[in-house]
Number of protein chains: 2
Amino acid sequence: MKRIEVIQNIMEANQTIAGRNQKLLNRHKIAAINIMSSPGSGKTSLILQTMARLKGRLNIGIIEGDVASTVDAEKVQSEAKAVVQINTRNMPESCSLMAAMIEPALQEMPLNDIDLILIENVGNLICPSEFVLGEHKRVVISSLPEGDDKPTKYPLIFVDAEAVIINKMDLLPYLDFDIAAFRRSISGLNPDAEIFELSCKTGVGIERWCSWLLQQAGSNPTDR
Amino acid sequence: MKRIEVIQNIMEANQTIAGRNQKLLNRHKIAAINIMSSPGSGKTSLILQTMARLKGRLNIGIIEGDVASTVDAEKVQSEAKAVVQINTRNMPESCSLMAAMIEPALQEMPLNDIDLILIENVGNLICPSEFVLGEHKRVVISSLPEGDDKPTKYPLIFVDAEAVIINKMDLLPYLDFDIAAFRRSISGLNPDAEIFELSCKTGVGIERWCSWLLQQAGSNPTDR
């Protein structure tokens, strides 16, 4: 077996705009969470479950990143305080949201009326790890059918996350997924990450996740 | 709901190198198949099942694309005629294989002894659609747990594929996946695509897929 590796020029950082986004969010005491995963891991389902549980407790704004289509934005529209759709199909980076896409999205939102912004990134385990958006916390969803080796194969996105969600726990009886092995991989890469086991289908585990979100939204923005 | 779209500069094509790769393959009468999917859809499992079924009938070379790790290459190593691992972690495009990565990989393989090369692309539904590698056929795997809306959300990769595999059919009883709706989406995007329903776990449907591969390997390279 031969290995071929090439050294990369570091991608142009979008730190400056991300910093500007975060200042704006802090001024409005809004917590922003960047939700990342493979396609079909359950980002939209998690957002729907979260909005249902936090109804009346937090005003939630949603930024939906998708290569194409507005199907996710349509699904979340009825419960959110505001929804902005970003389609990356014809952008220079179509495989991730970038801080420069979030900036105009924030301009479209009634920031005075929002406590929490959930950003659904583009379905991808690679590109989103390279771009901070101005968020306060980064969350990765990994679902059981994807297999327990994802942290080993896509380490970067797990290294930088404050929380990792193991979704589709309801499918555990039908799959060969080793939860302990997955948790060990996460601990090796990122020992401080919170880990949530849940099922967006049955609702099991959502409450603990929502408590964590409430904590994020309640913390002093200058401390975030 | 607001939509934000930005016009893209078309990504630099890597057509020239891809053309060179294909000429080299044709000279050696090798069929090359580019296998693309989300992380965890079953690319490696499909390759393992395929090698097991085609043992003694075709000599198969494998090119494994991964951001990091060699776990997939290790899994396929024992049955393949040759395996080359490409790690894209520090490359300018870490989210897809590119023709320029395939070219040196082909130099490492005993091309005279190979009939078929299966290229396992990086797990991603976005970037790989943008780079031809010199392959003769493009195959996308979509697995049931990802949901039936993937062609709508990631259309480009399905538009250009000669075949679409619906994997993890064994999970159908436990999921809300509408096979007819999925097939309709594919027909709308790409009416000529072959569709294979299969399960790498149970082996159901693998035989038909292998027949298709045998056909590709047997066809005259100049016609490909």
Side-chain angles (χ1 to χ4, degrees), chain A residues 1-9 11 38-41 64 66-74 77 83-92 94-96 101 104-105 108 122-127 130 142-147 149-150 152-156 168 170-171 173-176 201, chain B residues 1-9 11 38-41 64 66-74 77 83-92 94-96 101 104-105 108 122-127 130 142-147 149-150 152-156 168 170-171 173-176 201:
Chain A
M1 188 200 320
K2 303 275 163 57
R3 302 184 67 174
I4 298 169
E5 301 202 52
V6 175
I7 303 304
Q8 162 195 39
N9 298 325
M11 294 190 72
S38 295
S41 301
E64 280 292 341
D66 275 299
V67 178
S69 95
T70 56
V71 294
D72 291 345
E74 284 155 22
Q77 191 154 231
V83 180
V84 179
Q85 172 78 54
I86 301 174
N87 282 129
T88 63
R89 185 169 186 161
N90 295 317
M91 295 191 186
S94 63
C95 58
S96 175
M101 306 173 189
E108 302 285 350
V122 176
N124 194 311
L125 282 186
I126 307 163
C127 314
E130 292 165 341
S142 209
S143 67
L144 295 197
E146 296 165 52
D149 61 355
K150 292 301 151 290
T152 310
K153 297 179 68 178
Y154 304 89
L156 287 183
K168 308 195 188 178
D170 55 293
L171 293 176
Y174 316 115
L175 297 167
D176 309 316
K201 191 165 185 178
Chain B
M1 188 197 324
K2 304 278 165 51
R3 301 184 68 174
I4 299 168
E5 300 202 53
V6 174
I7 303 304
Q8 163 196 40
N9 300 324
M11 293 189 73
S38 295
S41 300
E64 280 292 342
D66 275 299
V67 178
S69 94
T70 56
V71 294
D72 290 345
E74 284 155 21
Q77 192 154 230
V83 180
V84 179
Q85 172 79 55
I86 302 174
N87 283 128
T88 62
R89 185 170 188 162
N90 296 316
M91 295 191 185
S94 62
C95 58
S96 174
M101 305 173 191
E108 303 285 350
V122 176
N124 195 311
L125 282 186
I126 307 163
C127 313
E130 293 166 341
S142 209
S143 68
L144 296 195
E146 296 166 50
D149 60 355
K150 291 301 153 289
T152 309
K153 297 179 69 179
Y154 304 88
L156 287 183
K168 307 194 187 178
D170 55 293
L171 293 175
Y174 317 114
L175 298 167
D176 309 315
K201 191 165 184 178

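Atoms considered below: every heavy atom in the structure, side chains included; atoms not considered: hydrogens, waters and symmetry mates. Letters A, B, ... mirror the listed sequences (proteins, then strands); counts begin at 1. This is a predicted model, so every value here is computed, not measured.
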Within the distance-only criterion (no hydrogens, no angle test), does the side chain of B:Y154 pair as donor or acceptor with the backbone N or O of A:A68 below 3.5 angstrom?
no
Does A:K168 reach the main-chain N or O of B:P145 with its side chain, forming a donor-acceptor pair under 3.5 Å?
yes
dist B:L125:CG -> A:N124:CG (nearest 0.5 Å) comes out at 8.5 Å
B:E130 and A:S94: which non-hydrogen atoms are nearest, and at how many Å?
OE2-OG, 3.4 Å
Please rank A:D72, A:L144, A:D66 by heavy-atom pairs under 4.5 Å with chain B and give me the top one.
A:D72
By salt bridge (charged side-chain N to carboxylate O under 4.0 Å, His left out), B:K201 pairs with (sequence neighbours left out) A:D176
Is chain A contacted by the side chain of B:L156, its backbone, both, or neither, given a heavy-atom distance below 4.5 Å?
side chain
Please state whether the side chain, the backbone, both or neither of B:D170 comes within less than 4.5 Å of a heavy atom of chain A.
neither
Kindly give the heavy-atom pair with the smallest separation between A:I126 and B:G123, and that separation in Å.
CD1-O, 3.8 Å
Is it the backbone or the side chain of B:P39 that comes under 4.5 Å from a heavy atom of chain A, or both, or neither?
both
Closest non-hydrogen atom pair, A:R89 against B:P155:
NH1-CG, 3.8 Å
Quick check: closest heavy atoms across A:S69 and B:K153, and the distance to 0.1 Å?
OG-CG, 3.8 Å
